[in-house]
Amino acid sequence: MPLPSEPIRLCIFGDSHIASIRYALKGRDPAGPQVDLEFWGTVGNRFRMIGLQGGALVPEDEVTANRFAAVNARGRRLLRPDDFDAILFMGARTRVNMLFAEFLHRARHPDLFLSTGVRREIIRAHLADQRAFGFAQAFAAQGRAQIFFAPVSFPTEGISTEFLDRCPDAVHGTAAERAAIWALIREVMAEDGITLLPQAERSVTQGCFTAAAYATRHAAERGDSTHKNGAYGRLVLASLMRALAPLRKTDEQAA
């Protein structure tokens, strides 16, 4: 009789956006395959005070190291990809909001048409400017852990109108148009060995906004269009568990 396979060693890395998953997990275990889950991240500007050293993510000073260690149940002061089977970059200051706003707006104006190739190059250039995406590229290149990426969610409806001055017709974007944009982002990330976890379609409204049901408590009063609640975290977690299923099957077959 084969022995049960080891749990998948999973790290969820990111900035304040990891809170939605922590809310989702409060009082419950992750659904799907058995996982040994850790978080590594911090909120605020300290998130930017990390860099790559020897293939690991290392805080730049003692205070920052302590902040990251406090989030991790095992007190990790740095993040090595070879300590995990899979790492999810959650939010991590990596936004694709404006890509969607621009592409969805242009789709309503034939004179603003962009070819698939041009859109792909715009996506590649945009991701290259996102510091955390560079960390994900470096981790994926090591080939030691499977790297997943869930970009920052769309801003919450009714709180932010940041796209509408420049791209007013983005609000008419359809599910099919969003799916086509996600497909291009997925292709670009896959070129670097990174697996995209797109925002769940059920959470999207008005072209490229997140439905108010997924906002944090009192978000409207605080003007917080960025952060999301546990319901949103559960959507991300469900997507991640589906993506991890092949890894689990590989472990079981090896056993």
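For the single chain, residues carry numbers from 1 onward in sequence order.
- With respect to Asp129 and Arg95, no salt bridge is recorded, no charged nitrogen being found less than 4.0 Å from a carboxylate O.
- With sequence neighbours left out, Thr216 forms a side-chain contact (heavy atoms from CB on, under 4.5 Å) with Ala219, Arg222, Asp224, His227.
- Salt bridge annotation for Asp36-Arg9: absent, with no cationic side-chain nitrogen under 4.0 angstrom from a carboxylate oxygen.
- Aromatic ring orientation, Tyr214 versus Tyr232: perpendicular (interplanar angle above 60°, classes split at 30° and 60°).
- Val188 places a side-chain heavy atom less than 4.5 Å from the side chain of Arg120.
- Aromatic rings of Phe209 and Phe100 (six-membered ring for Trp) have centroids beyond the 6.0 Å cut-off, not under it.
- Checked by atom type and distance alone, the side chain of Arg106 pairs as donor or acceptor with a backbone atom of Leu112 at under 3.5 Å.
- The distance from the SG atom of Cys11 to the CG atom of Leu88 is 9.0 Å, given to the nearest 0.5 Å.
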* Verify salt bridge (charged side-chain N to carboxylate O under 4.0 Å, His left out) between Arg77 and Glu62, making sure each step is shown before the conclusion. => CA-CA 9 Å; Arg77 298 171 67 80; Glu62 190 71 9; 2.7 Å; yes
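- Look at Asp83 and Arg74 and you find no salt bridge, because none of the NZ, NE, NH1 or NH2 atoms lies under 4.0 Å from a carboxylate O.
- Using cut-offs of 30° and 60° for the angle between ring planes, the Phe68 and Trp40 rings count as tilted.
- Within a 6.0 Å sphere centred on CZ of Arg131, heavy atoms belonging to other residues, nucleotides or ligands number more than 12.
- Remark: the backbone N or O of Ser153 is not paired with any side-chain donor or acceptor of Gln199 at under 3.5 angstrom.
- By the side-chain contact (heavy atoms from CB on, under 4.5 Å) test, Gln53 pairs with Val58, sequence neighbours left out.
- A side chain to side chain contact (heavy atoms under 4.5 Å, CB included) with Val96 holds for exactly one of Ile181, Val152, Ile185, Ile123; it is Ile185.
- Between Leu104 and Cys208, the shortest heavy-atom distance links the atoms CD1-CB, 4.1 Å.
- No more than 12 heavy atoms of other residues, nucleotides or ligands lie within 6.0 Å of CZ in Arg80, so this atom counts as exposed by the packing criterion.
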